[in-house]
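Encoded as structure tokens, the structure appears first; notes follow it.
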Amino acid sequence: MTDAVTRRGTILGVAGALLGSCRSPGTRSQPSIAFTRVPQADEGGREKHDIIEGRVTGAHPGYQIVLYAKSGVWWIQPLVDHPFTKLVDSKFSNATHLGTAYAALLVEPGYRPPDSANELPAPGGAIAAVATVKGQKSPPSASIAFSGYEWRIRDAPSNRGGKNSYDPGNVWTDASGALHLRIAKSSGQWTCAELSLTRSLGYGSYSIEVRDTSRLEPAAVFSLFTYDYAGADENYHEAAIEVSRWGDPASKNSQYIIQPYYVPNNVVRFEAPAGPLTHSFRWDPGRMSFKTVRGFKKDGPPVAERVFTSGVPSHGVESVRMNLYVFRSAHVPLEQGAEVVIDKFQFLP
């Protein structure tokens with residue numbers, strides 16, 4: 001092995017493996033990158049996105065990840081104005097538009113990545129490691145069609161509400177096209193349901209028509225919400241309509257919320273009545289208007305409404321999601337499971 005190879009310690013491939021380095025004892029190993037979730041191969045574009053994840057070994061404090069997707073050339077991900085992905089416990093996760101291949105660069109503070117490139121930069125200088133991987137032949141998660149949109153079904157655990165597991169079998173559509181979300185036991189443990197749009201719709205009007213949720217147990221939570229992996233510094237651009245008593249039978253059963261929840265003016269709680277309801281929000285720059293009405297008509301009798309003009313998240317690469325999960329800190333634990341039926345989702349620009 002030549003001295004030149006020893007000096008380069010070039011990192012390539014899916015695992016960002018170190019190809020060279022005849023190091024003497026005590027020599028510090030070079031950083032490396034390994035992908036743990038890879039989206040499918042697709043020609044790409046702004047219509048669809050997925051989640052890419054990985055882990056890093058040997059990163060120094062302050063190091064960040066720069067992601068690229070290849071669609072003809074390499075394009076920075078998820079957005080030009082959000083070029084960096086933070087490392088949390090040596091792991092990274094973010095949204096990416098689809099491409100035929102994907103890349104991750106481990107970079108030092110102060111690095112300024114190009115928005116696009118015909119060829120990826122090589123390790124050296126402010127770039128500590130580079131890893132590339134081809135897109136998978138099929139999506140890493142199952143998907144489902146509902147109300148004219150493709151939705152990705154969650155199959156990974158989440159800390160939302162406490163440590164919850166998710167089972168794709170808890171999400172399905174019936175013969176009428178209605179969407180069912182369920183909390184059910186598997187191997188003696190509660191499993192939950194979540195799905196997210198495979199594209200970002202941005203500003204506009206969102207609504208769902210939901211059958212009676214008044215009989216949900218206090219520990220069950222149903223929500224429609226926005227979430228942006230790239231918005232970690234801005235509370236993940238999260239805003240939500242949530243139906244839950246948060247474990248307290250005496251509490252009101254619904255709320256509108258803009259994160260962070262601990263700001264008093266960011267949460268409005270109300271009592272949603274029995275029967276079918278239409279929940280909606282209109283999202284504009286600096287303004288978010290929530291409304292709930294009886295029945296499946298937008299002009300039905302109003303139940304609650306609220307306009308937020310402070311702390312409103314900005315549009316990024318967020319996706320709209322729906323979930324049904326267990327609030328693990330409930331005073332009254334879940335006993336019977338739960339099911340929510342959504343007849344329709346609609347978006348209007």
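Keep in mind the model is a prediction, meaning the values are calculated, not measured.
- Proximity of Thr100 to Glu43: side-chain heavy atoms (C-beta onward) are separated by under 4.5 Å at one or more points.
- Counting only N and O atoms by type, the side chains of Thr292 and His279 include a donor and acceptor under 3.5 Å apart.
- With 3.5 Å as the limit, one finds a donor-acceptor pair spanning the side chains of Glu194 and Asn323.
- Using a 4.5 Å cut-off on side-chain heavy atoms (C-beta onward), Asp299 and Val293 make no contact.
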Exercise. Under the side chain to side chain contact (heavy atoms under 4.5 Å, CB included) criterion, do Gln40 and Leu98 qualify, and how do the steps go?
Worked result: CA-CA 7 Å; Gln40 70 267 35; Leu98 299 186; 3.5 Å; yes

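- Of the charged side-chain nitrogens involved, at least one lies within less than 4.0 Å of a carboxylate oxygen, so that Asp233 and Lys86 count as a salt-bridged pair.
- The existence of a salt bridge linking Glu150 and Lys48 is confirmed by a sub-4.0 Å separation between a basic side-chain nitrogen and an acidic carboxylate oxygen.
- Checking Ser310 against Asn265 by side-chain atom types alone, no donor-acceptor pair falls below 3.5 Å.
- A cation-pi arrangement, defined by a distance under 6.0 Å to the six-membered ring centre and an angle within 45 degrees of its axis, is absent between Arg37 and Phe35.
- Within the 4.5 Å cutoff, no side-chain heavy atoms of Val210 are placed close to those of Pro276.
- Aromatic ring orientation, Tyr256 versus Phe270: tilted (interplanar angle from 30° to 60°).
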Problem set entry | Stepwise side chain to side chain donor-acceptor pair (under 3.5 Å) check, Glu318 with Thr226 | CA-CA 6 Å; Glu318 74 291 325; Thr226 60; over 6 Å; no

Exercise. Step by step, would you call Ile51 with Arg152 a side chain to side chain contact (heavy atoms under 4.5 Å, CB included)?
Worked result: CA-CA 10 Å; Ile51 306 305; Arg152 183 172 50 251; 4.0 Å; yes

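- The shortest side-chain heavy-atom distance between His237 and Tyr229 does not fall under the 4.5 Å cut-off.
- Shortest non-hydrogen contact noted between Lys291 and Lys298 is NZ-O, 4.1 Å.
- Within a 6.0 Å radius of CZ in Arg328, other residues, nucleotides and ligands contribute more than 12 heavy atoms.
- Side-chain contact between Val130 and Pro121: absent, with no pair of heavy atoms (C-beta onward) separated by less than 4.5 Å.
- Nearest heavy-atom pair, Ile33 versus Ala131, reported as atom, atom and distance to 0.1 Å: CB-CB, 3.8 Å.
- Of the N and O atoms on the side chains of His180 and Asp174, at least one donor lies less than 3.5 Å from an acceptor on the other residue.
- Scanning all heavy atoms of the two residues, the minimum distance from Asn94 to Ala230 falls at OD1-N, 3.2 Å.
- Across all their heavy atoms, Pro78 and Ala95 have their closest contact at CB-O, 3.3 Å.
- Clustering ILVMFWY residues whenever any of their side-chain heavy atoms sit less than 4.5 angstrom apart, transitively, puts Phe345 in the very cluster that holds Met288.
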For this session: Take Asp343 and Arg211 through the side chain to side chain contact (heavy atoms under 4.5 Å, CB included) test and state the conclusion after the steps.
Result: CA-CA 7 Å; Asp343 278 273; Arg211 298 182 197 176; 2.8 Å; yes

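- Residues Val268 and Ile257 are members of separate hydrophobic clusters, defined by side-chain heavy-atom contacts under 4.5 angstrom among Ile, Leu, Val, Met, Phe, Trp and Tyr.
- A donor-acceptor contact closer than 3.5 angstrom links the side chains of Ser205 and Arg282.
- Within 6.0 Å of OH in Tyr236 there are 12 or fewer heavy atoms belonging to other residues, nucleotides or ligands.
- Using a 30° and 60° split on the angle between ring planes, Phe308 and Phe290 fall in the perpendicular class, above 60°.
- Remark: Arg154 qualifies as a cation-pi partner of Tyr166 under the 6.0 Å distance and 45° angle criteria applied to the six-membered ring.
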Exercise. Can you check side chain to side chain contact (heavy atoms under 4.5 Å, CB included) on Leu195 and Leu179, steps first, answer last?
Worked result: CA-CA 11 Å; Leu195 70 168; Leu179 176 69; 3.9 Å; yes

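- A donor-acceptor pair shorter than 3.5 Å cannot be found between the side chains of Glu242 and Ser223.
- Using modelled atom types, one finds no donor on one side chain facing an acceptor on the other under 3.5 Å when comparing Glu209 with Thr278.
- Cluster membership for Phe222 and Val332, using ILVMFWY side-chain heavy atoms within less than 4.5 angstrom, is not shared.
- Of all heavy-atom pairs spanning Lys134 and Val38, the tightest one is O-CG1, 3.7 Å.
- Put simply, Ile153 and Ile183 are part of the same group of oily side chains (I, L, V, M, F, W, Y) that touch within less than 4.5 Å, one to the next.
- Ring pair Trp283/Tyr206 is tilted by interplanar angle, where 30° to 60° counts as tilted.
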For this session: Determine, stepwise, if the pair Asp50 / Thr198 fulfils side chain to side chain donor-acceptor pair (under 3.5 Å).
Result: CA-CA 6 Å; Asp50 204 333; Thr198 60; over 6 Å; no

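- Residues Leu67 and Ile52 have side chains in contact (heavy-atom distance under 4.5 Å, counting atoms from C-beta outward).
- In this structure, Arg160 is positioned above the aromatic face of Phe225, its NZ or CZ under 6.0 Å from the six-membered ring centre and within 45° of the axis.
- Contact of the Ile258 side chain with the Pro313 side chain is registered, since non-hydrogen atoms from C-beta on lie closer than 4.5 Å.
- A distance-only check finds a donor-acceptor pair linking the side chain of Tyr102 to the backbone of Gly99 [under 3.5 Å].
- Here the side chains of Met322 and Trp151 are in contact, with some heavy-atom distance below 4.5 Å.
- The shortest non-hydrogen separation linking Gln77 to His97 is OE1-N, 2.8 Å.
- For Arg215 and Thr213, the side-chain atoms include no donor-acceptor pair closer than 3.5 Å.
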